[in-house]
Amino acid sequence: MVPVQKETLKDWTYPPFDGHYDGTYLYGRGALDCKNLLIAMLEALELLIADNFKPQRGIIVAFGFDEESIGIRGAANIAKHLEKKYGHDSIYSLIDEGPGLTFDAGTGQYIATPANGEKGDLNVHVFLSAPGGHSSYPPDHTAVGIMAELSYNLENDPYEPFLTSRNPVLRYLQCLAVNTGDKLPKFTRKAILRAGFDKLANNKVLKMLLNNPMTNYLVRTTQSLDVVQGGEKANSLPEHVKLVINHRVAIETPFEEVEKHFSDHVVEVAKKYNISVEAFGEQVHSGDPKNGQFTVVVYHKTPAAPVSPSNDTVWEYLAGTTRHVFEDVVFTNLSYPIMTTPFSLTGTTDSKYYANLTKHIYRYTPGYPADFKENKIHSVDEKVPFDSHLHALAFYYEYIQNVDTPDAGN
């Protein structure tokens, strides 16, 4: 559960835990991310039970309670239990939260984008200890000011973007280029199809992705400075300051590269103020002990997920169910088939703990929420279109039945 800051309660149209339905949207914290999926799964199972459906393939629903705080108590233990009970690689497929249907402005078509890849996650905590004293005779730069300078430097040195064949986003673009005919400009289509081996074409596609606020995160490691704490009182110099940075690490990038990039910036500031630095368990710079100490630690890290197959029978059943629900039930007047394309997820889900149970992990919210930003995910007035919730319910109801046959396996 993402908490609601008490300072923002006054900004909500409806109280964040009331689950208010206004006839179009269901409002509330977690409505979009992702209590709607939990309820849709349970509703689908209730309907199947009411229909007297007797599955030949076992159905497991697993709901962790601490996904927003890494999932080490919930999903991690559930996965261990399931592996002990059923064994390695024993599950047909796993569907967790993720992207869903989107409207691609470039082609004017609805596209289904289950993420078969997921970026890594690296949380770094930086602590700065410095001499205290009375604020009436301060140094030129207090611990808060020095940490602010580090923050400024980090944000002004973002990670370089790149696009390789390891990133499912390239497959997504190639699917569009091959299957949408003249919907894409000729030169754009040509650049996409050559981007895997032509540096000039790759640069053109990369520029296109970077200009889109919804895709620029998918082709680079990102850093988000999320928490800063320090100081106790206006007349007392801060003796301890903490900064928390969350990195979403590109599939191709090793953690060591991110850690070095980070520690280099800390050392740069430390040298300026003659401060010692211990980074990731090693003393990397020795300054004057009287001036203070930087300590950099990894609080949590999760490697990028293995990319799940998108060219086998399991994928075909996922795509086929998507087509049936959204072509025959939701968007009944389409003149084109809905493509199901590979994609990558910038967030990290509980699915990471289940990798030993199946190689077919798809992070997929099978609905059309229209606009994630407009629906205020993790923000004030978070909401989900109720129709999108019904889309997910219909998908789960169909998918469980469709894969309940040996033919659905590879």
Side-chain angles (χ1 to χ4, degrees), residues 98-117 161-219 251 307-346 362-374 387-388 391 394-395 398-399:
L101 262 74
T102 184
F103 184 77
D104 183 78
T107 62
Q109 294 187 4
Y110 293 102
I111 312 289
T113 56
N116 62 326
F162 52 88
L163 179 63
T164 75
S165 58
R166 291 177 60 189
N167 190 335
V169 171
L170 181 56
R171 287 290 308 278
Y172 161 79
L173 293 170
Q174 290 170 339
C175 285
L176 265 61
V178 169
N179 294 295
T180 57
D182 59 0
K183 298 290 185 180
L184 286 173
K186 179 180 177 180
F187 292 110
T188 299
R189 189 165 65 251
K190 183 178 179 180
I192 290 171
L193 294 176
R194 296 181 60 86
F197 59 88
D198 183 320
K199 186 174 181 180
L200 181 61
N202 187 286
N203 287 337
K204 290 180 179 178
V205 175
L206 198 55
K207 184 177 180 181
M208 177 182 70
L209 293 170
L210 292 172
N211 286 335
N212 184 332
M214 295 305 292
T215 58
N216 75 69
Y217 307 107
L218 299 172
V219 289
I251 290 173
V307 176
S308 295
S310 59
N311 59 352
D312 61 6
T313 304
V314 177
W315 177 267
E316 289 175 358
Y317 270 71
L318 185 77
T321 304
T322 297
R323 285 196 60 184
H324 175 246
V325 171
F326 289 95
E327 292 177 26
D328 298 343
V329 180
V330 180
F331 305 118
T332 56
N333 295 318
L334 295 180
S335 59
Y336 57 87
I338 289 181
M339 285 186 293
T340 301
T341 71
F343 209 64
S344 183
L345 186 66
T346 58
Y362 303 109
R363 303 148 193 91
Y364 189 32
T365 298
Y368 179 61
D371 188 333
F372 268 95
K373 284 194 172 182
E374 173 64 25
D387 282 354
S388 179
H391 301 163
F395 176 88
E398 293 287 341
Y399 183 76

Does Pro99 offer a backbone N or O that forms a donor-acceptor pair with the side chain of Thr365 under 3.5 Å?
no
What I'd like to find out is whether the side chain of Trp315 reaches to under 4.5 Å of the side chain of Pro309, using heavy atoms alone.
no
Is there side-chain contact between Phe343 and Leu218, with heavy atoms separated by less than 4.5 Å?
yes
So, do Pro114 and Leu318 sit near enough that their side-chain heavy atoms are less than 4.5 Å apart?
yes
Considering residues, nucleotides and ligands other than Phe187, do more than 12 of their heavy atoms fall under 6.0 Å from its CZ?
no
Determine yes or no for a side-chain-to-main-chain donor-acceptor pair under 3.5 angstrom, with Glu327 supplying the side chain and Ile338 the backbone.
yes
OH of Tyr368 to CZ of Phe326, rounded to nearest 0.5 Å, is 11.0 Å
Quick check against the 3.5 Å criterion: does Asn167 have a side-chain atom that pairs as donor or acceptor with the backbone of Leu163?
no
Under the 3.5 angstrom rule, does the side chain of Thr215 hit a backbone N or O of Leu209 as a donor-acceptor pair?
yes
Separation between OH of Tyr110 and CG of Asp104, rounded to the nearest 0.5 Å:
12.0 Å
Could you tell me the separation between the CG atom of Asn216 and the CG atom of Asn211, rounded to the nearest 0.5 Å?
9.0 Å
From Lys204 atom NZ to Thr188 atom OG1, the distance as rounded to the nearest 0.5 Å:
9.0 Å
Should Thr180 and Tyr336 count as side-chain neighbours, where that means a heavy-atom distance under 4.5 Å?
no
Validation row: Met339, Ile111 side chains within 4.5 angstrom (heavy atoms):
yes
Thr164 vs Leu170 side-chain heavy atoms within contact, under 4.5 Å:
no
